[in-house]
Amino acid sequence: MDETMEPTRKEILRSLPSAEELFQKTLGKRVGNLPKRALLEAAKEVLNEARAAVIKCSEEELETLPRSRAQWVEKLSGEVSRTVSWGLRPLINATGVIVHTNLGRSPLAPRAVEAIGKIASRYSDLEYDLREGKRGSRQSHIEGLLRRLTGAEAAAIVNNNAAAVLLSLTALARGREVVVSRGELVEIGGSFRMPEVMAQSGAHLVEVGTTNKTRLGDYEKAITDRTALLLKVHTSNYRIVGFTQEVSLEELVKIGRRASIPVMYDLGSGCLVDLRTYVEDGEPTVQEALEKGADIVTFSGDKLLGGPQAGIILGRKDLLDLIKAHPLARAVRIDKLTLAAMVATLELYWEPREAMDSIPTLRMIRAQSGELKSKARALVRSIRKEAPGISVGLREDHSKVGGGAMPLAKLPTWIVALKSEGMGAHELAKALRGWDPPIIARVFQDEVILDVRTMDKGDIPIVARALGSIATGEEATGRS
Ligand SMILES: *Cc1c(COP(=O)(O)O)cnc(C)c1O
């Protein structure tokens with residue numbers, strides 16, 4: 001210890017517990033059954049940080065620090081459990097955003113979850129042809145199903161849609177030109193930007209038209225003997241409105257056919273059932289894109305399809321053969337658990353009604369106002385009972401599809417708006433996030449908003465109890 005250090009600082013340093021002490025107090029109380037070594041390591045790390053903070057902090061901050069071993073243990077044990085809580089945590093999505101990319105996009109249907117469980121702990125015929133007794137292809141388990149469900153001539157599945165686009169462009173257009181409308185140079189979630197993906201693929205981007213208007217002639221003029229593809233990108237997360245013009249897929253296909261150039265359509269969301277009866281601003285389906293003559297169609301597995309993260313490529317067999325044979329295909333290949341879950345999810349689509357009822361994403365999109373209202377009412381009742389200190393309001397509002405799909409779609413929903421006397425809205429939302437399981441809500445103006453559309457019935461008592469404890473904890477500190 002430094003001789004010049006103030007006595008208080010020295011005293012505080014001496015009051016820090018040992019790693020062993022912190023471990024004893026933390027064990028079992030907060031952290032499940034982790035081995036001692038993991039907890040001791042974490043305790044040492046946390047103590048080192050605390051020690052450094054005591055040495056460095058200002059005199060005012062020093063005043064706020066614990067002075068006794070017991071206080072330190074109380075302060076640091078939570079820190080230790082946070083340090084060792086690796087991995088994903090299931091949580092309650094009360095945002096009303098259905099395909100929430102940050103929250104894992106689509107929850108899986110029970111059948112898909114079962115399929116993962118069945119394959120995960122055993123060997124399987126992933127790349128083994130049981131009839132011939134030799135090496136097979138992992139694509140063989142899903143291609144027939146995708147072809148039959150969509151009418152495509154050939155199909156492939158990869159790690160995600162960004163990979164599907166990158167692989168298709170690389171295999172079909174490397175070193176050559178791809179024509180795209182300026183109105184369709186999309187960015188999805190910050191890291192997927194069409195021009196940059198294009199650059200990575202080695203294809204040269206030829207932009208045509210303007211942001212708001214692209215005409216047939218713009219494409220026609222851009223076609224040369226270096227053109228490899230005409231690309232159409234579904235503007236899944238934005239719309240250009242007002243003085244606009246775009247070339248329809250049918251028209252683009254006509255130009256492509258005339259010039260013998262394939263047309264690729266990045267659909268993004270990949271809806272296999274028609275949701276337009278439920279949602280204004282609904283998406284065109286995958287089947288429609290193929291019927292209209294797109295030679296290659298790409299889309300995500302975990303957006304509107306409601307399956308696991310994956311990218312699906314459908315289209316002409318000669319083009320799919322090139323895509324599957326490209327060396328990059330190996331780098332973006334799908335893993336066996338995802339494959340199992342995707343097959344199980346797709347099988348639900350044999351009966352579109354069954355898909356609508358048992359795929360959580362589709363069920364949440366279709367949930368009607370009456371059903372949502374009774375769920376919201378149950379939540380209000382439960383909160384009033386468990387957390388009388390919190391004021392609750394029941395109101396109509398709108399949910400979002402999310403995941404960059406149907407950006408204008410407003411799904412009428414019922415929300416529960418919360419206000420706590422002693423706590424600001426952001427503070428309350430933070431306390432809910434800190435709950436186990438974490439509860440993710442929206443803050444709007446000075447209220448915390450819970451949208452029941454993305455909540456399970458089983459979430460209701462959990463949220464109510466969390467609010468009850470948060471509100472009483474708040475009172476307790478208020479009194480002291
Ligand atoms: C979402 C999206 C992508 C990226 O798909 P991921 O599955 O997230 O990789 C690409 N293009 C469009 C148009 C999209 O909407």
Side-chain angles (χ1 to χ4, degrees), residues 97-108 142 146 155-170 172-173 178 180-201 203 205 214 229-240 246 249 252 263-272 275 279 281-286 288-289 294 296-315 323 328-329 331-335 338-339 341-342 345-346 361 365 400-409:
V97 180
I98 300 166
V99 183
H100 198 307
T101 297
N102 301 147
L103 304 185
R105 289 200 181 157
S106 290
L108 295 179
I142 198 165
L146 279 169
I157 184 160
V158 294
N159 182 58
N160 58 9
N161 189 35
V165 173
L166 176 65
L167 174 61
S168 303
L169 290 173
T170 311
L172 304 177
V178 177
V180 193
S181 159
R182 286 200 169 88
E184 297 175 1
L185 293 172
V186 307
E187 167 172 323
I188 310 285
S191 51
F192 179 95
R193 303 176 108 191
M194 198 41 96
E196 284 159 25
V197 174
M198 190 81 74
Q200 284 304 317
S201 75
L205 171 64
T214 304
L229 279 178
L230 304 179
L231 175 63
K232 188 164 180 62
V233 186
H234 182 57
T235 58
S236 29
N237 54 1
Y238 65 98
R239 295 282 182 266
I240 295 175
E246 74 172 309
L249 179 61
L252 200 59
V263 172
M264 171 169 155
Y265 191 9
D266 177 19
L267 256 181
S269 307
C271 203
L272 293 179
L275 292 171
V279 192
D281 191 43
E283 302 261 327
T285 63
V286 170
E288 277 169 40
I296 291 287
V297 173
T298 59
F299 53 95
S300 294
D302 53 354
K303 289 183 181 170
L304 294 177
L305 198 148
Q309 179 193 301
I312 293 172
I313 312 171
L314 303 176
I323 289 169
L328 189 60
V332 297
R333 77 181 180 185
I334 191 161
D335 94 291
T338 312
L339 189 57
M342 186 56 92
T345 305
L346 286 172
T361 296
I365 290 175
K400 285 197 190 133
V401 175
M406 311 188 198
L408 301 185

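Just so it is clear, the values below take in all heavy atoms, side chains as well, and ignore hydrogens, waters and symmetry mates. Indexing begins at 1, ligand by ligand and atom by atom, following the structure's order.
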- Hey, which atoms in ligand 1 end up nearer than 4.0 Å to a heavy atom of Arg105? 6 (P), 7 (O), 8 (O)
- Message: What I'd like to find out is whether the side chain of Leu275 reaches to under 4.5 Å of the side chain of Glu283, using heavy atoms alone.
- Response: no
- Query: When you measure from atom 7 (O) of ligand 1 to every protein heavy atom, which one gives the shortest distance, and what is it?
  - Reply: Ser300 OG, 2.6 Å
- In Asp302, Thr361, Ile98, the residue satisfying side-chain contact (heavy atoms from CB on, under 4.5 Å) with Pro107 is Thr361
- Identify the closest protein heavy atom to atom 10 (C) of ligand 1: which residue and atom is it, and at what distance? Asn161 ND2, 3.1 Å
- Task: Please report the C-alpha distance between Val401 and Leu304 in whole Å, then the side-chain angles of each, then the deciding distance to 0.1 Å, and finally whether the side chain to side chain contact (heavy atoms under 4.5 Å, CB included) criterion is met.
- Result: CA-CA 9 Å; Val401 175; Leu304 294 177; 3.6 Å; yes
- Message: Contact between ligand 1 and Asp266 is defined here as a heavy atom of the residue under 4.0 Å from a ligand atom; is it met?
- Response: yes
- Show the numbers, then the answer: is there a side chain to side chain contact (heavy atoms under 4.5 Å, CB included) between Val186 and His234? CA-CA 8 Å; Val186 307; His234 182 57; over 6 Å; no
- Message: Counting only heavy atoms, tell me which of His234, Lys303, Gln309, Met194 gets closest to atom 1 (C) of ligand 1.
- Response: Lys303
- Query: Which is it for Lys303 and Ser106 under the side chain to side chain contact (heavy atoms under 4.5 Å, CB included) test, yes or no, and what are the steps along the way?
  - Reply: CA-CA 6 Å; Lys303 289 183 181 170; Ser106 290; 5.9 Å; no
- Query: Can you list the steps and then say if Tyr265 with Thr298 is a side chain to side chain contact (heavy atoms under 4.5 Å, CB included)?
  - Reply: CA-CA 6 Å; Tyr265 191 9; Thr298 59; over 6 Å; no
- Ser269, any N or O under 3.5 Å of ligand 1 N or O: no
- What residue and heavy atom of the protein are closest to atom 9 (O) of ligand 1, and at what distance? Ala162 N, 2.8 Å
- Got the closest protein heavy atom to atom 15 (O) of ligand 1, with its distance? Ser236 OG, 2.6 Å
